[in-house]
Amino acid sequence: MIIAGVMSGTSADGINVALVRLPQNARGQECPRYTLLAHEEYPFPAPVRGAILAMMNAELAHVADLARLNFLLGELYAEAVAKTARKHGVKLDLVGCHGQTLYHQGVAERFLGRKLAVTWQTGEGAVIAARLGVPVVSDFRPADIAAGGKGAPLVPFLDYLLYRDRVYRDRGRDRRAGRIARNRIAQNIGGIANLTAIPAGASLGQVLAFDTGPGNMVMDAVMEELFGRRYDRDGKVAASGRVLDGVIAWLLRARFFRLKPPRTAGREEFGREYVGRFIQICHGASKPDVVATATALTARSIADAVARFVLPRFGVRRRDHEMIVSGGGAKNPTLMAMLRDEIAALGIELHFSDEFGIPAEAKEAVAFALLAHETWHRRPSNVPSATGAQRAAILGKISYA
Ligand SMILES: Nc1ncnc2c1ncn2[C@@H]1O[C@H](COP(=O)(O)OP(=O)(O)O)[C@@H](O)[C@H]1O
Ligand SMILES: [Mg+2]
């Protein structure tokens with residue numbers, strides 16, 4: 001069966017479509033091997049991006065516009081999938097579409113006398129199904145929240161399949177390669193940065209996953225504010241600045257970075273307000289220094305989270321740890337150089353998801369193709385140890401064509 005996975009993340013930069021093939025009748029307990037056939041990226045037109053960002057700011061959004069955006073995104077997702085399928089001459093069987101998160105609050109808060117955790121992804125599945133003539137699985141997160149989880153992260157399901165190093169469990173020691181199995185960290189750097197830690201030989205239930213903090217979100221907003229540019233292409237501006245270490249040390253003292261996993265973040269934590277304060281704190285520094293500091297904040301908060309929460313799980317004796325990076329942040333060489341230095345100090349090697357056959361920008365789209373596959377076969381695909389859910393849950397809603 002051929003499935004299109006569709007992702008548009010908190011960066012609101014555009015739509016990623018991955019075409020994935022899975023063997024027919026794959027009904028085993030574990031998701032089977034898949035083949036990535038193609039991946040394409042479609043930037044949002046500037047007015048659409050502007051509208052998405054404006055509506056993420058819940059206080060300013062009109063209900064009518066939210067309803068319109070839901071149907072508009074349905075059309076745009078369908079067009080992106082249709083284009084990709086046509087270009088690669090593929091006939092689809094199913095679509096898995098994450099949608100655009102407008103609001104995510106994974107921790108329960110009081111509302112009208114009840115404590116509720118809530119999440120909201122938009123992009124109408126019924127529209128996608130109608131346009132493409134195939135069933136669509138969408139709205140993956142609510143089922144995990146209903147099961148007591150934070151609704152995020154969901155990608156650990158794919159991370160585990162991709163990166164668990166089975167050598168340890170299966171054979172103890174790989175004599176040919178002369179190595180023992182590795183502990184691995186899948187680090188995605190989208191708008192927000194999140195990791196999945198997979199101890200060598202771990203079962204799915206031993207996987208740890210959480211948001212480390214800002215990914216590209218703060219860097220992007222600083223670039224927009226100070227240079228009127230969407231992002232720091234190839235990390236050039238950051239490379240020309242100096243990191244304000246005092247600012248980083250101060251910022252890392254914030255409550256979020258001390259929260260124990262599972263924890264999730266979004267524009268609610270690292271959006272406009274946060275960036276406004278960030279720029280204020282950097283007052284007096286040159287513009288490139290501010291960008292360099294925003295870049296270092298991402299690298300250091302990742303390393304900090306790994307040292308605090310992940311290494312204790314990996315055990316101190318084994319030092320063959322790997323971090324495998326994906327997401328748009330992997331395209332920023334300045335960020336990658338900073339991250340490489342930070343984690344080298346922790347005994348961790350830096351790698352890229354491309355080395356495992358998944359282009360950095362395609363990984364989350366691939367994940368939603370696989371999650372849709374599980375849902376189609378009525379299998380759960382949340383990872384309770386990652387989301388904090390009380391039980392496994394079948395994710396998503398199906399729109400039939
Ligand atoms: N060539 C590049 N140089 C620097 N940063 C890049 C480059 N390409 C992509 N990015 C960064 O990646 C971001 C998009 O990452 P993505 O993984 O799509 O995030 P999300 O999942 O939140 O949509 C961009 O906003 C930008 O900050
Ligand atoms: Mg994106």
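Small disclaimer: the values here were computed from a predicted structure and weren't measured. Read the numbers this way: they start at 1 and go in the same order the structure lists the ligands and their atoms.
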Are the side chain of D232 and the backbone of K236 linked by a donor-acceptor contact shorter than 3.5 Å? yes
Below the 3.5 angstrom mark, is there an N/O of G191, backbone or side chain, next to an N/O of ligand 1? yes
One residue to check: D234. Relative to ligand 1, which of side chain, backbone, both or neither has a non-hydrogen atom less than 4.0 Å away? both
Side chain or backbone, does T10 bring an N or O within less than 3.5 Å of an N or O on ligand 1? yes
Quick one: does NZ or CZ of K260 land under 6.0 Å from the six-membered ring centre of F309, within 45 degrees of the ring axis? no
Are the charged groups of R340 and E349 less than 4.0 angstrom apart, N to O? no
F140-H98 aromatic ring centre distance below 6.0 Å: no
Identify, by atom number and element, the atoms of ligand 1 in contact range of G327, meaning under 4.0 Å from any of its heavy atoms. 17 (O)
Heavy-atom gap R233 to ligand 1 smaller than 4.0 Å: yes
Identify, for atom 13 (C) of ligand 1, the protein heavy atom at the shortest distance, and state residue, atom and that distance. N216 ND2, 3.6 Å
Which heavy atom of the protein is the closest neighbour of atom 21 (O) of ligand 1, given with residue, atom name and distance? G9 CA, 3.6 Å
Could you pull out, from S8, G328, G14, the option with a heavy atom nearest to atom 15 (O) of ligand 1? G328
Any donor-acceptor pair under 3.5 Å linking the side chain of R49 with the backbone of S11? yes
Does E109 use its side chain to pair, donor to acceptor, with the backbone of A117 at less than 3.5 Å? no
Between Q121 and T119, does any side-chain donor sit less than 3.5 Å from a side-chain acceptor? yes
Could you tell me whether R263 sits above the aromatic face of F256, with NZ or CZ closer than 6.0 angstrom to the six-membered ring centre and within 45 degrees of the axis? yes
S11 heavy atoms within 4.0 Å reach ligand 1 at atoms 14 (C), 19 (O), 20 (P), 22 (O), 23 (O)
Under 4.0 Å, heavy-atom basis, I'd like to know which part of D13 is in contact with ligand 1: side chain, backbone, both or neither. side chain
With atoms numbered from 1 as shown, which atoms in ligand 1 lie under 4.0 angstrom from a non-hydrogen atom of K331? 1 (N), 2 (C), 3 (N), 4 (C), 7 (C), 8 (N)
Carboxylate-amine/guanidinium proximity below 4.0 Å for E40 and K83: no
May I ask you to list the atoms of ligand 1 that are less than 4.0 angstrom from any heavy atom of D220? 24 (C), 25 (O), 26 (C), 27 (O)
Assess D13: does it contribute an N, O or S atom lying under 2.8 Å from the Mg ion (ligand 2)? yes
Whether the side chain of T387 engages the backbone of G151 through a donor-acceptor N/O pair (distance < 3.5 Å, no angle test) should be reported. no
Top protein contact for atom 5 (N) of ligand 1, by heavy-atom distance: Y231 CD1, 3.4 Å
Heavy-atom pairs closer than 4.0 Å: do any link ligand 1 to the side chain of D232, the backbone, both, or neither? backbone
